[in-house]
Amino acid sequence: NRKANIFVVCSKNNFPVFDKQEFIDKIVVLNSERPSFQEISQIIKELKKEKFDLAIDAGQSSNISAIMARLTAKRTSGFFKERSLRNKVHDYLAKIKNDSHMVLNYLELIKMLKVSNKKNMELIKLKYSPSDLKTVKGLIGLKKDFIAVHPCTLMSYKSQSKAWSKKKYAEVIGHLANRGEKADML
C-alpha cells in the first residue's frame, strides 16, 4: 500500500476544517476570497513541483479551481456545471444531486478511483482541541456536551436550492430529542 500525500488548497474561511487533520500533509491557504492572478500563479508554480497524480476540485462554480487542478495534476475530478469551462478541463465529472447530502456529492468526486471497500468510504472523525470545543460551546452558550445540526451550505441564493428545508432539519432534531439527545440548530 502506497501512502498518498494529501495537499489541500483552501480559503481562510475553510482553513479551520482542515487544520489539525492528521491525514493532510500540507495546507495551502489563499490569502483572500478573490486571490490575485499573481497569488494563483505562485500557488500553481509551487504545486506543480509536487507532480500530483490526481487533483480533486471540490469547487462548484469557479473556473480558477478547475484550471489549478488541471495545471497541477495528471488527472482531475470535479463537478459538472452547465455551459462551463470546468466540463472541458476535468477527466472525471460528477453531477451534483440536489436531493443528496453534500457529503455524498463530494464522495462522487472520488468514484473515478473505483474504491469499493466500504471501510474506505467511512467518514473521518475531525480532530479538534479542547480550546476549540470550549470556543464553540461559548459561542452558542452551552455548558455541557451537545449535538449540533449544521445546514452545510453557503447562504447564497444558488446554494439555497441544495439546502434541506427547515422541516427536514426539524425532523432530525425531533428524532434526536425523542432519543433523549439535546440537539441545537446552528
Side-chain angles (χ1 to χ4, degrees), residues 1-98 100-129 132 150 152-159 161-162:
N1 275 340
R2 181 168 104 50
K3 182 190 178 299
N5 290 318
I6 299 177
F7 283 45
V8 172
V9 178
C10 65
S11 69
K12 284 191 262 185
N13 292 344
N14 296 22
F15 175 75
V17 174
F18 301 110
D19 186 34
K20 298 183 184 77
Q21 305 313 315
E22 295 170 0
F23 62 92
I24 297 174
D25 297 295
K26 184 173 181 179
I27 302 172
V28 178
V29 182
L30 299 172
N31 289 323
S32 69
E33 287 302 312
R34 296 187 191 274
S36 69
F37 178 78
Q38 185 177 4
E39 181 182 1
I40 295 291
S41 298
Q42 186 60 39
I43 290 170
I44 290 171
K45 184 178 174 182
E46 291 302 312
L47 292 176
K48 281 177 99 169
K49 293 177 187 175
E50 300 297 328
K51 300 182 179 173
F52 293 112
D53 293 317
L54 173 66
I56 299 172
D57 173 14
Q60 300 167 40
S61 57
S62 170
N63 287 329
I64 294 295
S65 61
I67 292 166
M68 285 180 72
R70 173 58 22 202
L71 292 175
T72 59
K74 292 177 189 169
R75 294 185 304 155
T76 67
S77 173
F79 287 118
F80 171 84
K81 184 179 178 189
E82 290 288 334
R83 297 181 300 276
S84 175
L85 168 71
R86 34 189 329 103
N87 302 339
K88 294 179 171 108
V89 170
H90 292 306
D91 299 305
Y92 175 81
L93 292 168
K95 211 164 190 182
I96 291 180
K97 298 174 184 160
N98 289 332
S100 292
H101 191 283
M102 202 57 209
V103 169
L104 297 176
N105 284 312
Y106 289 133
L107 288 174
E108 286 291 317
L109 293 174
I110 63 167
K111 279 205 172 165
M112 70 181 284
L113 300 176
K114 296 184 173 59
V115 178
S116 60
N117 183 343
K118 285 191 178 187
K119 185 175 185 211
N120 291 335
M121 298 299 282
E122 291 175 6
L123 296 177
I124 297 167
K125 185 174 180 178
L126 296 178
K127 305 260 188 230
Y128 52 87
S129 69
D132 292 337
H150 189 284
C152 191
T153 60
L154 300 171
M155 299 314 287
S156 71
Y157 173 76
K158 289 180 182 178
S159 296
S161 66
K162 298 176 201 153

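The shown structure was predicted, so the numbers you read here are calculated from the model rather than taken from an experiment.
- Of all the heavy atoms in Leu109 and Ser77, the pair that sits closest is O-OG, 2.5 Å.
- Taken to the nearest 0.5 Å, the CD1 atom of Ile56 stands 12.5 Å off from the OH atom of Tyr106.
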Where do Val9 and Leu47 land on the side-chain contact (heavy atoms from CB on, under 4.5 Å) test, with the steps shown first? CA-CA 10 Å; Val9 178; Leu47 292 176; 3.7 Å; yes
Show, in sequence, the C-alpha distance, side-chain angles and deciding distance for Gln42 and Glu46, and conclude whether the side-chain hydrogen bond (donor to acceptor under 3.5 Å, both in side chains) test is met. CA-CA 6 Å; Gln42 186 60 39; Glu46 291 302 312; 3.2 Å; yes
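- We find the CD1-CZ distance between Ile44 and Phe37 to be 7.5 Å, quoted to the nearest 0.5 Å.
- The two atoms that bring His90 and Ala69 nearest to each other are CE1-CB, 4.1 Å, heavy atoms only.
- Residues Lys95 and Glu108 are not paired through a salt bridge, judged by the lack of any N-O separation under 4.0 Å between the basic side chain and the carboxylate.
- Between Lys111 and Tyr92 there is a side-chain heavy-atom pair separated by less than 4.5 Å.
- Side-chain contact between Leu54 and Ile110 is absent, with no heavy-atom pair separated by less than 4.5 Å.
- A donor-acceptor pair under 3.5 Å links the side-chain atoms of Asn87 to the main chain of Lys81, judged by distance alone.
- Within a 6.0 Å radius of NZ in Lys45, other residues, nucleotides and ligands contribute 12 heavy atoms or fewer.
- Side-chain atoms of Asp132 come within 3.5 Å of backbone atoms of Ser129 as a donor-acceptor pair (strictly under, hydrogens ignored).
- Rounded to the nearest 0.5 Å, atoms CD1 (Ile6) and CD1 (Ile24) are 7.0 Å apart.
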Would Ser84 and Asn63 count as a side-chain hydrogen bond (donor to acceptor under 3.5 Å, both in side chains) if you check the C-alpha gap in whole Å, the side-chain angles of each, and the deciding distance to 0.1 Å? CA-CA 8 Å; Ser84 175; Asn63 287 329; 3.2 Å; yes
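- Here the closest non-hydrogen pair linking Val89 and Thr76 is O-OG1, 3.6 Å.
- Side-chain atoms of Asn105 do not come within 3.5 Å of backbone N or O of Ile96 as any donor-acceptor pair.
- Pairing each heavy atom of Phe79 with each of Arg86, the nearest pair is O-NE, 3.3 Å.
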Quick one: do Val8 and Val28 satisfy side-chain contact (heavy atoms from CB on, under 4.5 Å)? Show the steps, please. CA-CA 6 Å; Val8 172; Val28 178; over 6 Å; no
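- Taking 4.5 Å as the limit, every side-chain heavy atom of Lys97 sits out of range of all side-chain heavy atoms of Leu104.
- The pair Lys74-Asp53 meets the salt-bridge criterion, since a charged nitrogen lies less than 4.0 angstrom from a carboxylate oxygen.
- A salt bridge between Arg70 and Asp57 is absent, with no side-chain N of the basic residue lying under 4.0 Å from a carboxylate O of the acidic one.
- Not a single donor-acceptor pair under 3.5 Å links the side chain of Glu50 to the backbone N or O of Lys48.
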Yes or no on side-chain contact (heavy atoms from CB on, under 4.5 Å) for Lys12 and Leu30, after CA distance, side-chain angles and deciding distance? CA-CA 6 Å; Lys12 284 191 262 185; Leu30 299 172; over 6 Å; no
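- Taking CG from Leu71 and OG from Ser41, the interatomic distance works out to 9.5 Å, rounded to the nearest 0.5 Å.
- Atom-to-atom distance recorded for Phe7:CZ and Phe18:CZ is 14.5 Å, nearest 0.5 angstrom.
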